[in-house]
Each structure stands twice: as structure tokens, then as C-alpha cells.
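Predicted, not measured: the structure shown is a model, and the values here were computed from it. Atom set for the values below is all heavy atoms of this structure, side chains included, hydrogens, waters and symmetry mates excluded. Read the numbers this way: they start at 1 and go in the same order the structure lists the ligands and their atoms. We're numbering straight along the sequence, starting at 1.
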Amino acid sequence: MARRFTIYSAGSELELRIAHLYAHFLNIYGDRGNIIALSQRARWRQVEVKVDVIDLGQDIDPDYYDFYFVGGGQDKQQIVIAEDLRKKEKQIKEAIGNGAVILSVCGGYQLLGHYYKPHEGPELKGISLVDAYTVAGHRRMIGNVLVKRDDATTLVGFENHSGKTFLGKGVSALGKAIVGNGNNGEDKLEGLAQGTVYGTYLHGSLLPKNPGFADQLLSQALARRYGPQHLQPLDDHFENQAHKRAMTLPA
Ligand code: GLN
């Protein structure tokens, strides 16, 4: 088995620019682990990585970042950032139009749609980056989730939300929830995957235990400025062991 710290050459002139949206607000479910995992998988291929936190009131240069991440949070954090996210709507849409990738988890995912209607308080208008909407359900959906994608690969993670997200016609889900609730506990769909826009309810965090998906996002993000990528395979022995173990967990 190859040693863990073997450096794989992927071309050291490559650079991955990551924007972590609202890192200090949408951060209570450990979703920062997605940035840690993606950055490390890039560095193992000798790709330089730059991570910037984009917070309230900060503008985005729509042509600078390759990858955007927005994590999950409680309703009260979502209320704080929703208005600011709407101010960034044009910049984010332009960035995605320029080929940037966005991964959104739970609370962040909900606000990329048309709206999130929490249990209490006003409806939070989203940025309609995707044709989806979310309404708070009467029960919290908490537990392990196993997702089967169209290509028969699987994703594992943990969900903790009351919001029920419904996708518009023609919007593809990330996959089917084989175990757990996924988007809403009704249509058995989990997340969304629309071009370079990804949403999911999977905390965990998601990417460390789903290395194939992490590399899919990494390839897409690098392709924005460097064209199609062939990433050197990594020794994912430990990641795959963790994935396989998580697949056996009950909802
Ligand atoms: N507050 C939202 C909900 O409960 C999102 C929760 C989260 O980000 N895990 O559905």
C-alpha cells in the first residue's frame, strides 16, 4: 500500500482558490471539514491552495475563486446571513456562470433556493441560484444517511434538519436516500447536483468519507481555469474504510 504522505505530481503550477462563505456563522456542524479535506486532496497533488473567508458585508470578485463553500447552521444564523447573501446574489451567480463550483450544506443549501420558511418568524428569501424551496417540517430529521447516486456510487453522512427541501422540475438530486431522510423524508431524494452547483443535507463532514465525490468537485473547480483535469489517484485506504463502515450505520 502506497505511503500516506507520497506526493502525487499534478502540476505544481496549479492553484485552487476557495471562498468559505460565512465561516463564522454557518459553522456549528463541523462542515469546515469539507474545506480541510478538499484542500488536503489538492495539496497531495501539489496544487497550491488559498482559502479566504468571505463574511457579512464583504464583496466577491466573481472571477477570482474556483470553489465556494457554505455550511450549515441554526435558523438564527440563517436569519443573520440571508439578507447579506442576497446582496451577493449577482456576484455568486456570475461566479457560477464563470464555471466556479459551489458546495452548500443544509442551512447554506436551503438559502441557494427561492426561500426557506422556518417554524417561527418570516420566510427567508434565498438567491434562487437553484429551482428549489424549503419549508420547516414538524419533526427534526436526524441520523445517518446513505445516498446512492445515478452512477451507483454511494455517499455517506449525517443529517440534522427540520427543513424539507423540494426540487423544481428538471433539477437533479445528488442521489436517492437509501437510508435516512435526505431532502424532505418524502420523495427519497437527497441534495441537488446542477452543473457546478451542489447542495446536500449531509454533514459529517461530507468530503473526508466520500473521496470520489471530493475529487469530482476538485476536478471541476480546477477545470475552470486550467481545463479538464486527470487527478493522480490517491491511496484512499482509510477514507474508503470509513465510508464502508458508515454504510453499515442505521438511520
Ligand atoms: N436550520 C435549518 C434546519 O433546521 C438548517 C439546519 C442545518 O444547517 N443543519 O433545517
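- The protein residues lying under 4.0 angstrom from ligand 1, judged by non-hydrogen atoms, are Y29, G72, G73, Q74, D75, Q78, C106, G107, Q110, Y116, R140, N160, H161, S162, G163, H203.
- No side-chain donor-acceptor contact under 3.5 Å links S162 to the backbone of A136.
- Without hydrogens or angle criteria, N34 side chain to L206 main chain gives a donor-acceptor distance under 3.5 Å.
- Counting only N and O atoms by type, the side chains of D55 and H24 include a donor and acceptor under 3.5 Å apart.
- By the neighbour-count criterion of 12 heavy atoms within 6.0 Å, atom NZ of K93 is densely surrounded, having more than that number from other residues, nucleotides or ligands.
- The 12-atom threshold is exceeded at CZ of R140, counting heavy atoms of other residues, nucleotides or ligands nearer than 6.0 Å.
- More than 12 non-hydrogen atoms from other residues, nucleotides or ligands lie less than 6.0 angstrom from CZ of R86.
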